Structures are given as C-alpha cells and as structure tokens.
Amino acid sequence: MAVTDRVAEPCYHCGLQVPESTDFITLIDGQPRRMCCPGCLAVAETIVGSGLDTYYRHRTQPGNSPEFSSRQLPEPLQQELALYNQPEVQRSFVNQCDAGLEAILVIDGITCAACVWLLEHHLQGLDGVNKASVNLTNHRARIQWSPEQIELSTLLGEIYRIGYQAHPFHPDKEEQLLAQEQKRAIRRLGIAGLGMMQVMMMAIALYAGTLQGIEQQYQAFIRWTSLIIATPVVLYAARPFFTAALRDLRTRQLSMDVPVSLAIGGAYLASIWATVTNSGEIYFDSVTMFTFFLLIGRFLEMKARHRTGRAGNALLNLLPTSALRLRDGEEELVSADQLQSGDLVRVRPGQTLPADGIIEQGHSSVDESALTGEYLPIHKQCGDNVVGGTINVENPLLIRVAEVGAESKLSAIVRLLERAHEEKPQVARLADRVASYFVAAVLITALVVGVSWWLITPEHAFWITLSVLVVTCPCALSLATPTALTAATGTLRQHGFLITRGHVLESLSKATHIVFDKTGTLTEGNLRLQSTQPLAALDRQQCEQLAAALEQHSEHPIARAFHHLQPQQPASEISATLGKGLEGQIDGIRYRIGQADYASALCPADCPAQPSEAGQWLLLCSEQAPLAWFRIDDQLRREAREALDQLRALGLQCEMLTGDSSAAVQEIAAQLGIDRVTSGVTPEQKLQHVAALQAEGAQLIMVGDGINDIPVLAGAQTSIAMGSASDLAKTNADAVLISGDLRRLVDAVQLSRRSRRIISQNLIWSLSYNLLALPLAALGFIAPYMAAIGMSASSLVVVGNALRLSKLKRRNAVNSQRSLNPR
C-alpha cells in the first residue's frame, strides 16, 4: 500500500506523477516536498534559495515539467523563468562583463556537435545577445547579453523552446544532477549489455539452424524470445537516441541520432513483422549490439564531461565556508558569501583567507602555492595585498576585504579555465560543420535506394533499404579509431601513464614542443638539505644536529628539510623572526639559523662569505662564531635528464615555464640542457605564453602539477599532470603520469606514433569495406543478415590489428646517472 501511495504522489512543483525510482526531495515551508525530475528540483531549489517561497503559496496551478518543445511556453513556466530576472537570484551566477552581463548555464539534452551548433546559432540570432558559446565537453553555455535589450528569462525560454533545458551553474546542484545522470546511464548500459548477450546466444542458434536445419517450432520460439529480450533494450536503453532524433526533427536539425534511430527502429520493427508473420529474417542481435556499443561511447563521453565539471566545482571550494568578521571590535562568525567589500576579517594561523583584501594589521607568511606555484610562503605585512584561497601560516592577520565573489582572483582563474575549455580543437570545429551534411548524405542515399527498388520490385524495397542503412552504420569505421586508442591507452595505463581524453594519442603523435613546469614536475617538489659546510671546530654531523634541534617543532617548509635528522639535545626558548629565521637555546648556548645577516648578528664575528654554489643558503651561528652553511633546495628527479634527452631525440623542443623566480631555475635548466626558460610568470601569463606558441603553429604538450597550472593545462593542446599533482590539476589534464617517471612520456610519444599508423590502416580497411558493401547492398546482392555478418568480420579485423598496440617497444637505454650531472 505504501508503494502505491508513493507512485501516485504528484510532483510538488509541476503536479505530474512522481516515478517510483526517483528520490528528488527539497524543503519548502519547512516540509519535505517530492519532485519528479532534476529539472523541477533545480527550479524549486532556486526559488526557495532566493527567499521566494511565497510563490508556492499564491500560485493558482502547478508549474509545468520542463520537458516540452512547443513554441509557446505555458504561463506558469514563464512566471518561474521571470524569477531569474531579479538581481537577488542572479547574484550567485551572473557577473558583469564588457558586453553587459554574463552567465554560465548548464544545458541538459546535448548529445553531439550538432546540438552545440543549434544552440549557439539560435541564441546568437537573438537581439541583445553578444556572444553564446556552448562547451560540448561539460555541457555548459557561456552567454553574454545586454540587459537593456533582452532579459535572462527570455534566453532561458528560448533554450526551452528548441527542446533543451537550462539551469544556472551551481557546484552543489550540478553534483546532484551529474550523479542522477550517471545512474541512468549505468542502468541503460546494463540493460543493453545483458540484452545483447542473451540475444546473441539466440542468434547463434538461428545461424546454426540456417546452415544445418532447425524445426519450425524451435525457430519460432527463439524468434519470440529474442523479441521479448530486445524490447526493453529498444524502448528503454535506446530511448535517448529516439528522444534526441525527435527533438532534432522538430527543430529541422539533423544529427547522428537520426540515422541511428532509423537503423535501430527500422530493424526492430522489421524484425517484429518477420516474427509475427514468420517470414523474412530477424535482426534483434544487430539491434541490441548496435545499441550497446553506442551507449558505451556515450557513457565514456559523459564520464569525461563529469570529470571536467567536478574540477571547476572543486576549485571554487578552495574558499572557506565561514569567516570571522569584526563589527564594533567584536568577532562574529558569518558565511563567507555574506562578506562585502570594506569588511574587516580576522584570519588566524593555519586558516584559509576567505576573500581578496589588504592587510590592515599584523604580519605573517602566506602560502600562495595554490595560485603561484611558489612552494615557499611569502612574507606579508601591513598594506600588502592577499588573495582568497591562500593559507595564513604563522601569525594572525586583520584583513580589509577588497574583492568578493566573481571579482576575486580565484574566480578569475575559474573563468580562465572555462575560457580555455571553450577553445574548440580543429576536429570539433570540423564536426560542427559537416555533421548535418554527413547525416543528410546517408539518409538521401537510403531514400534513393528505397525509391528505386520500390519502382523496380516493391516487395524487396524495404529489406534492401534496411541493408543499406545497416551498411551505412559503419561499425568497422566507428571502431577503427577507438579500438586502437583503447589498446594503446590500456598499455600505457599498465606502465603508469593514464590517458583521460580521447584526443591525447593523436595529439602526442603530432607534438613538436613539450613545456614543463619546474616545481613538482622536473623536481620532486620538496625542499631537502643538499649540503653542509662547517666553518668552525664542529663537524658536519654536530652542526646538522644543532640545526635540527632549532627546526624540530616548526612546520615551515624550510624546517621540514631538517626533520629527518635526530637532534641529541632539545632546544628551548625558541623564537621566530618573520622572514629571517629562528633563535633558540641548546645546553645553555644561544644559536640562530636563517638568513646570513640575521644569524651573524648574534655573534661578534663578521658574516662569512656565502658559498658560490647556487641554491638557498642558511647560516648557523652561536654566540661566539659562525658554525656552518646549509644549502637547501628542491631535488631534481633522477630520470629527468634521461627523459629530456630521449624526447629531444624524438624531435621535440623542450622548454621550462615556471612561476618560480629564484636562481634555482637557471641551475636546473643548465643541468637538463633546456635552452628556453620562462620564469616568474603568473597563471594568466602561462596561459598567454602557451597560446602564443600554439598560434605560431607549435603542437604543444604541457606538463604540470599545481593548481596554478590548471588554466594552462586546460588551454594547451595536450596537457599532462604528474601523479603527485593536486586533484584539480589531474582532472583538468588530458593525461596523468601516475608513476611520476618522466621516461613514460617517451613511451607515450612513441606509442602514439605507432597508434597513428595503425589507425590509418584500420580506416583504410573499414572504408574499403564500406565502399564495396554499399553498392552491393544497393544492388540487392547483400541481404541485411549478410551485411551484419560482414560488418562483424570487418570489426574483428580492425580489433585484431589494434591489439598490436598492447605491447611497448623497448626504449633505447640511456645511463640514468647522466641525469644527475650537469653538462
């Protein structure tokens, strides 16, 4: 009884019946209200989150479901969309730009490049819209419009009218929608896979019976069983293809879903007719197999899109959720979203800055590695600018808020990331132009063949047309590239190189330049004690133990370079001088360690000359005399020299691009033989530098590891993140070097060039098959079942050729010890 009541419960927003399998609930007027779909849930949460709960108390009828394509929007929906015109609602996702206002929307219903073309051209044709770009990867639209000419509600309504659904981008809500979409995709894929396996077993029996003989009742039983199993595959698993095809036909836009739907639907209906009339052939095996493989492709594309979407959400989550605001000298804990320009906030040591601002009181070190790539904290004092999302290391700070929300530097990096994702590769632009023409050519060919045979022999027209449709759904041609990419991708994954984008192997094979970040990429990313030079009677071990005692309880990155040492005696009365060093007492004697002028001021002797070797030097002094110099620096990866030598041998130009501006940059470049070095650059400058190289014709690979590398990783033609990189860098990169071994880059380039050759071989074979089979099918020499068998055989040839990529060629050995020695 409970189940019956639940099924009958209407959606609180639109009034439609809530499906049993859904569980969309939100609080309205303090009561949990059930919704029928993510679209209703998103609209309802936007209304409630904007403080407009009274809409539900005063409405005269439920709102309509967002799933419609009529030209005239219902009045209740127009009222709902009008809520987005209010400044309070727009505050969270709309910001000012040169052209007026700009918003990021998430579009539901996009399936291919033709959808992107339709949305962009329809929106850009509206008066007042200055720019509309849709990202096929993450299904986000960036729209710029003039509020004096057109309202946001009108834009949302136009998107609804052409068959899509749009809602404001919000990280938390998008996570819910992504989770629901993934569950639906997995269910459809599972049903299609199970159905395919069962129907294929039945098909084998029928094929064997055709050759060896089979009794009529058993043949009928197998046909009806195949029909029963294939029906949920077609009606549920393949439903997105039919829905998209109907939408495209309404908007007079052809996409790949149209011929796919015709092939699946036509073969399914023809097989039903053959089963009911006990005549002709059935093709339930082809229907289920075709559906399953298409769904796999869509599922992999969806996973890549979700990964990109979650990356941007996590970047926004760097900002804390709360802040300590000072009002009349008293602290109050408020949401970080409530901060406004001019507010005073207190940030204690270890806390994250909630907004951009200026230090009003205090001095401390601030860890800006998330934004600049510098692994050492930066000394900040009164009057210095600080950035939201960075970490206060040492002392409490009083900060005057300057920029919040969309105007902050972190939001600017997010916009850079979005802008980089909007840059479509050449293949995507080509797909936008030819997608509709290709589909039209396929349909025209099938139509011409069908009409011709209808005039010649009407009883054969349908089956021959169906044969043509099967032939023009080129399985081998579709598998030619993905099977080779899958084999190569799996091989590289087993060797510690994870590819997360489909274009990587093709891009690697054409690469001419490879650009490395320094910290964490060419180096290990951790400060280490490189050498000790005693200056007095104490030996090296005694000096290191004294330094370790002073640095033992500090969490400063410099102090961590000494944490592996075990001091014999503890230090007491330790005090830190910001940006200078530490002072403490050991066994009744005072010591200082840090910058040379600070440490030498403790003793009467003159400051000793700093060693000439490059690196960061610390001086240890007692009350009597200087004791030792310590050189600390980041450790170069052992295999870096060998990897770069082999990359140069493959014809790649190696370059370093880093935010670090210290002398260590040139030292590392000299050790690795890198001639082109750009140091001390911001994330924006990195992106500009890479864009300039690509504009000059460079086919570029970018290798990085920090959050500051996210925009340039997104903007590069091919981006690779180190295995030790931040999660954000990994999700925005096209590949991840899980093993951390730079020599795997050499393997990837070599295998990508092999895969390119094998892909060319597969394409030649599959095109030859299709060019031969299409005219034969059109002339009636190939029955649909023969076309299906030939398609399967052609696919096996393609797969077998691709499996040759399952092994790596052995790399030429280069003495890895050379990577430790400078030229």
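All figures in this text were calculated on a predicted structure; none of them were measured in a lab. Side chains included, hydrogens not; waters and symmetry mates left out as well; all remaining heavy atoms used.
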| said: Please check this pair: side chain of D343 against backbone of V401, looking for a donor-acceptor N/O pair closer than 3.5 Å. | reply: no
| request: With the side chain counted from C-beta on, respond yes when L326 and V345 share a heavy-atom pair under 4.5 Å apart, and no when they do not. | output: no
| task | Mind checking side-chain contact (heavy atoms from CB on, under 4.5 Å) for I358 and listing every partner two or more places apart, or none if nothing turns up? | result | N385
| task | Taking side-chain contact (heavy atoms from CB on, under 4.5 Å) as the test, write out the residues that go with T678, two or more places apart. | result | E655, L657, V681, H689
| message | Tell me every residue that passes side-chain hydrogen bond (donor to acceptor under 3.5 Å, both in side chains) with Q144, counting only those two or more places apart in sequence or in another chain. | response | E102
| field | Partners meeting salt bridge (charged side-chain N to carboxylate O under 4.0 Å, His left out) with E151 (sequence neighbours left out) | value | none
| field | Student check: side-chain heavy atoms of D356 and V386 closer than 4.5 Å | value | no
| task | Go through the side-chain N and O atoms of H122 and E158 and say whether any donor and acceptor fall under 3.5 Å apart. | result | yes
| task | Check whether any side-chain heavy atom of L700 lies under 4.5 Å from a side-chain heavy atom of T512, and answer yes or no. | result | no
| task | Report the residues that fulfil ring-ring contact (aromatic ring centres under 6.0 Å, His included) with H121, sequence neighbours left out, ordered by chain and then residue number. | result | W117
| query | Counting distance only, does the side-chain N/O of N85 pair as donor-acceptor with the main-chain N or O of S153 below 3.5 Å? | reply | yes
| said: Checking the side chain of N392 only, and the main-chain atoms of V366 only, is there a donor and an acceptor separated by less than 3.5 Å? | reply: no
| Does the T154 side chain pair with the main chain of I150, one donor and one acceptor, at a distance under 3.5 Å? | no
| Contacts of type side-chain hydrogen bond (donor to acceptor under 3.5 Å, both in side chains), residue S146, not counting sequence neighbours | E148
